[in-house]
A.B. asks: 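The structure follows.
The sequence lines fix the lettering, A, B, ..., with proteins before strands; numbering per chain opens at 1.
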2 protein chains.
Amino acid sequence: MSDQGSLRSTLHERGMRMTPQRQLVLDAVRELGHATPEEICKKVQGTAATVNITTVYRALDLLEQLGLVRHTHLGHGAPTYSAEEHEHVHLACHRCGRIDEVAIELLDDLAELLMSERGFELDPTHLALSGTCRNCREAD
Amino acid sequence: MSDQGSLRSTLHERGMRMTPQRQLVLDAVRELGHATPEEICKKVQGTAATVNITTVYRALDLLEQLGLVRHTHLGHGAPTYSAEEHEHVHLACHRCGRIDEVAIELLDDLAELLMSERGFELDPTHLALSGTCRNCREAD
DNA sequence: TTAAGTGCAAAAGCTTTGCATTGCC
DNA sequence: GGCAATGCAAAGCTTTTGCACTTAA
């Protein structure tokens with residue numbers, strides 16, 4: 001992952017800057033683990049109350065282009081953003097909504113299979129796997 | 001899958017009916033493969049122009065409760081609905097948006113692993129796997 | 001100076017809700 | 001008649017867009 005300095009350079013090459021708002025959004029994403037744009041906005045507004053949710057959306061887009069954050073569809077509703085170093089596969093229970101995480105290596109075999117059979121390069125962190133968690137199954 | 005008759009009985013037990021609108025929605029879902037509520041609505045309106053999108057949403061909810069259709073999040077934006085017998089795993093290319101399908105058995109090993117390690121019962125049809133398709137990779 | 005970045009308001013997409021009307025049983 | 005189902009309009013929620021103002025290089 002790029003450090004502060006190289007991030008600034010990357011932005012500078014594109015005629016862009018690391019503004020306080022963008023830094024706050026990045027900090028919030030890193031701190032919150034995975035969070036919706038609105039949650040991120042709330043967090044940011046804890047420090048800088050006037051930051052608008054529009055700016056949060058724009059900052060998230062930019063940070064995603066830069067490869068610093070990514071978003072994941074954990075289930076219905078809003079996507080959640082997480083820092084790039086937060087590399088897990090998400091398991092979303094569609095009964096209770098709980099999100100669990102497993103090591104990304106669990107998908108290695110599948111990824112290889114998809115590549116050899118279809119030429120499809122799997123991005124295992126982008127979407128959650130959906131199903132029923134142990135608790136909910138046992139509650140049946 | 002239940003046939004016409006048993007479907008009617010199931011509905012009847014709940015004090016509900018198989019209305020023309022619901023039948024049209026079910027037909028449209030089966031015919032279209034996977035389609036958004038709006039696409040389904042357009043299709044239905046080809047036959048019965050006055051059917052409202054509200055009714056489509058309500059019919060889809062009901063048909064999903066009855067296990068006749070299911071919805072899948074193929075990526076950003078609207079979910080797509082497909083008939084229950086339409087059992088594939090979806091591969092969504094996040095570059096070009098193309099949707100490909102692979103046999104569900106490809107996930108058997110993974111499903112078994114998740115069950116034994118986490119007690120998580122995978123529902124492989126609910127969410128698409130995200131990545132980059134061959135065309136887009138070769139276009140690099 | 002000037003182009004990027006921001007905030008605000010409004011628009012846009014998707015989905016749900018409230019309510020009066022319709023039509024089966 | 002009574003209740004489910006429908007259509008319509010309006011509201012709700014998330015996200016995007018347009019635009020004028022601000023600010024850092």
A.B. asks: Answer yes if the ring centres of His90(A) and His34(A) are under 6.0 angstrom apart, and no otherwise.
C.D. replies: yes

A.B. asks: Using whole Å, what does the distance between atom C1' of nucleotide dT14(D) and atom NE2 of His71(A) come to?
C.D. replies: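 Answer to the nearest Å: 14 Å.
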
A.B. asks: For Asp108(A), what residues pass the side chain to side chain contact (heavy atoms under 4.5 Å, CB included) criterion, not counting sequence neighbours?
C.D. replies: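 In terms of side chain to side chain contact (heavy atoms under 4.5 Å, CB included), with neighbours along the sequence ignored, Asp108(A) is linked to Glu105(A).
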
A.B. asks: Is Asn52(B) near enough to dT6(D) that one of its side-chain N or O atoms lies under 4.0 angstrom from OP1 or OP2?
C.D. replies: no

A.B. asks: How many Å lie between CD on Gln21(B) and P on dT22(C), as a whole number?
C.D. replies: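 Checked: the CD to P distance equals 15 Å.
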
A.B. asks: Would you mind checking if Asp27(A) and Lys43(A) are paired as a salt bridge, meaning a charged N to carboxylate O distance below 4.0 Å?
C.D. replies: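 Not counted as a salt bridge, because no side-chain N and carboxylate O are separated by less than 4.0 Å.
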
A.B. asks: Are Arg58(B) and dG7(D) close enough that a side-chain N or O sits under 4.0 Å from OP1 or OP2?
C.D. replies: no

A.B. asks: Produce the list of close N/O pairs, under 3.5 Å, pairing protein atoms with atoms of nucleotides 22-25 of chain D; give distances to one decimal.
C.D. replies:
unit_1	atom_1	unit_2	atom_2	d
dA24(D)	O4'	Arg17(A)	NH1	3.3

A.B. asks: With a 4.0 Å cutoff (strictly under), does any side-chain N or O of Thr50(A) reach OP1 or OP2 of dG7(C)?
C.D. replies: yes

A.B. asks: Can you name the salt bridge (charged side-chain N to carboxylate O under 4.0 Å, His left out) partners of Glu117(B), sequence neighbours left out?
C.D. replies: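 Result, salt bridge (charged side-chain N to carboxylate O under 4.0 Å, His left out) vs Glu117(B): none returned.
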
A.B. asks: Counting only N and O atoms by type, is there a donor-acceptor contact under 3.5 Å from the side chain of Arg134(A) to the main-chain atoms of Met115(B)?
C.D. replies: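 Not confirmed, Arg134(A) side chain does not pair with Met115(B) backbone.
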
A.B. asks: Restricting to salt bridge (charged side-chain N to carboxylate O under 4.0 Å, His left out), what partner residues turn up for Glu64(B), sequence neighbours left out?
C.D. replies: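 Per chain and number, Glu64(B) pairs via salt bridge (charged side-chain N to carboxylate O under 4.0 Å, His left out) with no residue.
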
A.B. asks: Between Arg137(B) (side chain only) and Gly119(A) (backbone N and O only), is there a donor and an acceptor less than 3.5 Å apart?
C.D. replies: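 Yes; at least one donor-acceptor contact below 3.5 Å.
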
A.B. asks: CG of Leu60(A) versus P of dT16(D): gap in Å, rounded?
C.D. replies: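 These atoms are roughly 10 Å apart.
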
A.B. asks: For dT6(D) and Thr55(B) - does any side-chain N or O of the residue sit under 4.0 Å from the phosphate oxygens OP1/OP2?
C.D. replies: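 For dT6(D), neither OP1 nor OP2 has a side-chain N or O of Thr55(B) closer than 4.0 Å.
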
A.B. asks: Let me have the donor-acceptor pairs involving side chains of residues 55-63 of chain A, under 3.5 Å, with sequence neighbours excluded, atom names and distances please.
C.D. replies:
none

A.B. asks: All N/O contacts under 3.5 Å from nucleotides 14-16 of chain C to the protein, with atom names and distances to one decimal?
C.D. replies:
unit_1	atom_1	unit_2	atom_2	d
dC14(C)	OP2	Glu38(B)	OE1	3.1
dT15(C)	OP2	Tyr57(B)	OH	2.2
dT15(C)	O5'	Tyr57(B)	OH	3.0

A.B. asks: How long is the line joining CD of Gln23(B) and C1' of dT6(D), in whole Å?
C.D. replies: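 Interatomic distance, CD of Gln23(B) to C1' of dT6(D): 17 Å.
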
A.B. asks: Rounded to whole angstroms, how far apart are CZ on Arg14(B) and P on dC25(C)?
C.D. replies: 18 Å

